There are 2 protein chains.
Amino acid sequence: MSIDKKDQELLAHLQANARSSIAQLANKVNLSDTPCLRRIKKLESTGVISGYHATIEPKRIGLNVLVYAFVRLNQNSVTAANAFEEQVEKLQHVQECAVVSGSYDYLLKVVATDLEAYEHFVKYKLGSIDYIANIESTVVLKQTFNKKQLPL
Amino acid sequence: MSIDKKDQELLAHLQANARSSIAQLANKVNLSDTPCLRRIKKLESTGVISGYHATIEPKRIGLNVLVYAFVRLNQNSVTAANAFEEQVEKLQHVQECAVVSGSYDYLLKVVATDLEAYEHFVKYKLGSIDYIANIESTVVLKQTFNKKQLPL
DNA sequence: GGTGAAATTTTAGGTGC
DNA sequence: GCACCTAAAATTTCACC
């Protein structure tokens, strides 16, 4: 998959506004509609574009708290890792999960309505997952920015 | 702003696929087109929906590395904070920036082509920003999931 | 990569429930 | 508040050059 200048421009525009019409996009990158659409379809089918998603302001729906939670498991087995990953994905408040370097095994990005709800989440939801040794929470006091644009 | 069941369903669908047509959405939530569109416009104008963004697979465009970087400043002044936030936002490889609790001041989400590029980034880009006392990098070894769906 | 045309969709207004 | 209808404008998508 080779991504030329036009593709890069299309990706930039689609990251900024996923609901732009093909005609608008074609205009911005100086192509006519058909080749523009062809390029977008190709970017989709080759997996460069994996989806289009509305972004919701968490605070507008009552999710006022964001926390990064570091998790260490009590054993380094495939069984433990698989069990943990499977169970944590079911928790709707966990938005992202990553295996990380350092003294912890996982980093989770968690949303909650408030700190009390987060405490409850850690105690009863995360806390009920198998193989967890300990959890360290890093509370986000303020998000300074959250770009929706990867460097191309 | 009150968000009822239908709005919640619309938000869920738009988070899953931001390019759905109004007719498709109206069908899914058992509304006709007009009130469906009205609701979406309202969700947009009230800031519940802040935008629609194409999601790009970082690896498909050569961004193979993701790192969470904790940053501590060398002074707790408004001047230092403002200067840091302003300069770090200009770095395209920094996707997110948050003020956090704990022993560090900021948590940055950084993408890079590889670890060597990341090392270069820390040394010459982040490193050239004023007021930074030290940086601790937590490398993501594997992303297990990244949901595009907030709990409603 | 571009053109033109058909098919579909969006968007707005009006009516009555 | 909604469904239903109508209709113009815009958009998507196609075969073809």
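Throughout, protein chains are lettered first and strands after them, A, B, ... in sequence-line order, and every chain is numbered starting at 1. None of these values were measured; they are calculated from a predicted model. These values consider heavy atoms only, across backbone and side chains, with no hydrogens, waters or symmetry-generated copies.
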Completion exercise
In short, A:I132 meets A:N74 closest at the heavy-atom pair O-ND2, 4.1 Å
Practice task
Compare every heavy atom of A:C97 with every heavy atom of A:V88, then report the nearest pair and how far apart it is.
Solution key: CG1-SG, 4.1 Å
Integer-rounded Å distance: [N] [atom2] and [X] [atom1]:
X     : N      : atom1 : atom2 : result
A:D33 : C:dA7  : CG    : C1'   : 15 Å
A:Y52 : D:dT12 : OH    : P     : 11 Å
B:K42 : D:dG1  : NZ    : C1'   : 11 Å
A:N27 : D:dA10 : CG    : C1'   : 14 Å
B:I22 : C:dA12 : CD1   : P     : 10 Å
B:I40 : C:dA12 : CD1   : P     : 12 Å
A:L31 : D:dT12 : CG    : C1'   : 16 Å
B:K6  : D:dC2  : NZ    : C1'   : 10 Å

Tell me which nucleotide among [options] gets nearest to the side chain of [X].
X     : options               : result
B:P35 : C:dT10, C:dG2, D:dA3  : D:dA3
A:S21 : D:dG1, D:dT11, C:dT3  : D:dT11
A:L37 : C:dT11, C:dG2, D:dT13 : D:dT13

Exercise for the section: Identify whether the distance between the nearest side-chain nitrogen and carboxylate oxygen of A:E96 and B:K109 falls below 4.0 Å. Expected result: yes
Handout entry: Most 5' of B:D4 and B:R19 on DNA chain D, judged by nearest nucleotide
Key =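 The answer here is B:D4.
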Exercise for the section: Considering just the side-chain nitrogens and oxygens of B:R38, establish if one lies under 4.0 Å of OP1 or OP2 belonging to C:dA12. Expected result: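 The answer is no; no side-chain N or O of B:R38 sits under 4.0 Å from OP1 or OP2.
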Problem - Polar pair under 3.5 Å, donor/acceptor by atom type, side chain A:T34, base C:dT3 - result: yes
Problem - Distance in Å, A:I56 CD1 paired with B:Q15 CD, rounded so as to fall on 0.5 Å steps - result: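 Rounded to the nearest 0.5 Å, the CD1-CD separation comes to 3.5 Å.
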Handout entry: Candidate pair B:T138 and A:F70, rule side-chain contact (heavy atoms from CB on, under 4.5 Å), full reasoning
Key = CA-CA 11 Å; B:T138 298; A:F70 286 90; 4.2 Å; yes
Exercise for the section: Under 4.0 Å between any heavy atoms, over every strand shown, what does B:N30 touch: base, sugar-phosphate, or nothing? Just pick one. Expected result: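 Here B:N30 touches the backbone only, sparing every base.
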